[in-house]
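Scroll down for the structure; my scribbles are underneath it.
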Amino acid sequence: MDLVNNIVNDLQVLKTIWFSKISGDSHKERLENFYGPQADAYDHFRAKFLHGRRGMIKACAAKINNLGERPGLVWVDLGGGTGENVDMMAEYVDLSKFEKIYVVDLCGPLCEVSKKKAQTRGWKNVEVVEADVCEFEPESKRATLVTFSYSLSMTTYILMDWKCFSVELKDQFFEVLIPPFMAAVDKALSYLDQAVGILGVADFYTSMKYDSLDRQHGYLTRWFWRAIFDMDNIELGPERRLYLDHTLERVYEENKSGGIPYVPFLKVPYFIWLGRVRHLGAANGI
């Protein structure tokens with residue numbers, strides 16, 4: 001019976017992904033329109049689809065364990081959805097090592113799943129926050145670990161017509177059009193611990209036309225996957241990782257491909273990336 005229920009739930013998720021038209025005037029409304037109907041079935045389906053998540057969590061856990069008994073650790077999981085990353089982290093790290101864990105997401109239905117999970121698991125140090133990742137910051141103004149698990153690709157460009165702005169606002173036009181993924185990373189860096197902080201990312205991707213050999217994709221791969229994910233308002237372009245490489249010192253990276261549930265033969269590219277503030281030495285304990 002569980003097998004049948006899981007298949008039915010997976011098909012509901014696939015129906016939403018493939019056939020539902022996403023609507024809404026704001027990013028929050030579009031997220032809730034897309035994820036709301038699949039919130040309860042989200043974890044089971046994504047466990048077979050978000051292949052890089054466990055690898056990213058495991059790599060981050062290794063960095064946290066290397067810190068020993070360092071007090072006051074704070075983890076901010078941006079776009080944390082249902083709190084599944086916390087569940088996964090518990091397999092590698094004693095969650096009590098963290099003074100505070102924030103699961104931040106803009107999608108209300110996913111946050112509700114996360115809150116129920118935190119209550120069921122008895123996570124006393126976990127706080128679920130329904131907020132924009134571009135605006136959130138932890139109460140302590142400092143985080144030891146910040147993660148984006150398949151959430152940077154959800155922060156897409158918002159195009160605006162300059163004619164909509166008053167004369168006073170036109171001078172601020174370029175500031176308004178900073179891509180949200182840059183704003184999300186910049187905000188995370190504003191509170192990432194400068195000494196030992198780690199920022200971890202797992203996401204789908206396509207390469208640049210000319211990229212490093214371990215990232216490189218051909219034209220058809222780049223075109224196909226960007227077109228497919230664009231239908232769900234997910235942007236797979238290389239700009240996100242380029243910005244990560246520009247702003248942080250990379251300490252770990254994997255580039256692989258993984259299958260899609262119920263879709264034979266096709267494998268979608270994904271990456272795992274960890275970075276830290278530049279100019280850190282080995283003496284910091286990472």
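Scope of the values below: all heavy atoms of this structure, side chains included, with no hydrogens, waters or symmetry mates.
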Option passing salt bridge (charged side-chain N to carboxylate O under 4.0 Å, His left out) with R54 (candidates E254, E91, E84): E91
Minimum heavy-atom separation for [X] and [Y], please, with both atom names.
X    : Y    : value
L73  : R70  : CG-O, 3.6 Å
M88  : Y92  : O-CD1, 3.4 Å
K97  : V93  : CD-CG1, 3.6 Å
S149 : M56  : CB-CE, 3.8 Å
P269 : S257 : CA-OG, 3.7 Å
A184 : F148 : O-CZ, 3.8 Å

Joint cluster assignment, L242 & L213, ILVMFWY side-chain distance < 4.5 Å: no
Rounded distance (nearest 0.5 Å) linking atom [atom1] of [X] with atom [atom2] of [Y]:
X    : Y    : atom1 : atom2 : value
M231 : I234 : CE    : CD1   : 10.5 Å
T206 : R241 : OG1   : CZ    : 9.5 Å
C107 : E112 : SG    : CD    : 10.0 Å
L106 : S151 : CG    : OG    : 11.5 Å
R276 : L248 : CZ    : CG    : 10.5 Å
M89  : C60  : CE    : SG    : 5.5 Å

Side chains of [X] and [Y]: closer than 4.5 Å at any heavy-atom pair?
X    : Y    : answer
N255 : Y205 : yes
L244 : V201 : yes
V251 : I198 : yes
W123 : D87  : yes
L274 : L199 : no
V76  : F136 : yes
R142 : Y191 : no
L266 : W225 : yes

Intermediate values then yes/no, ring-ring contact (aromatic ring centres under 6.0 Å, His included), F229 and F204: CA-CA 9 Å; F229 278 84; F204 302 117; 4.8 Å; yes
Distance-only donor-acceptor check, side chains D77 and T147, under 3.5 Å: yes
[X] NZ/CZ over [Y] ring centroid, <6.0 Å and within 45° of normal:
X    : Y    : result
K100 : Y102 : yes
R53  : Y150 : no
R215 : F271 : no

E235 and S153: CA distance, side-chain angles, deciding distance, side-chain contact (heavy atoms from CB on, under 4.5 Å) verdict: CA-CA 5 Å; E235 173 55 55; S153 55; 5.6 Å; no
Among V128, D132, L78, the one residue meeting side-chain contact (heavy atoms from CB on, under 4.5 Å) with V104: L78
SB check R278 E249 (cutoff 4.0 Å): no
Note: R240-D203 ion pair, threshold 4.0 Å (strictly below): no
K187 atom NZ: more than 12 heavy-atom contacts under 6.0 Å: yes
Exceeds 12 heavy-atom contacts within 6.0 angstrom, atom CD of Q119: no
Steps toward side-chain contact (heavy atoms from CB on, under 4.5 Å) verdict (F181, Y243): CA-CA 9 Å; F181 72 85; Y243 192 63; 4.0 Å; yes
For [Y], is there any backbone N or O sitting under 3.5 Å from a side-chain donor or acceptor partner on [X]?
X    : Y    : result
D105 : G81  : yes
D193 : V196 : yes
Q216 : M208 : yes
H217 : S207 : yes

Test log, rule side-chain contact (heavy atoms from CB on, under 4.5 Å), inputs T144 and F98: CA-CA 9 Å; T144 321; F98 294 102; 5.7 Å; no
Evaluation steps, side-chain contact (heavy atoms from CB on, under 4.5 Å), between V86 and V103: CA-CA 8 Å; V86 181; V103 178; 3.7 Å; yes
By salt bridge (Lys or Arg N to Asp or Glu O under 4.0 Å) - contacts of E139 (at least two apart): none
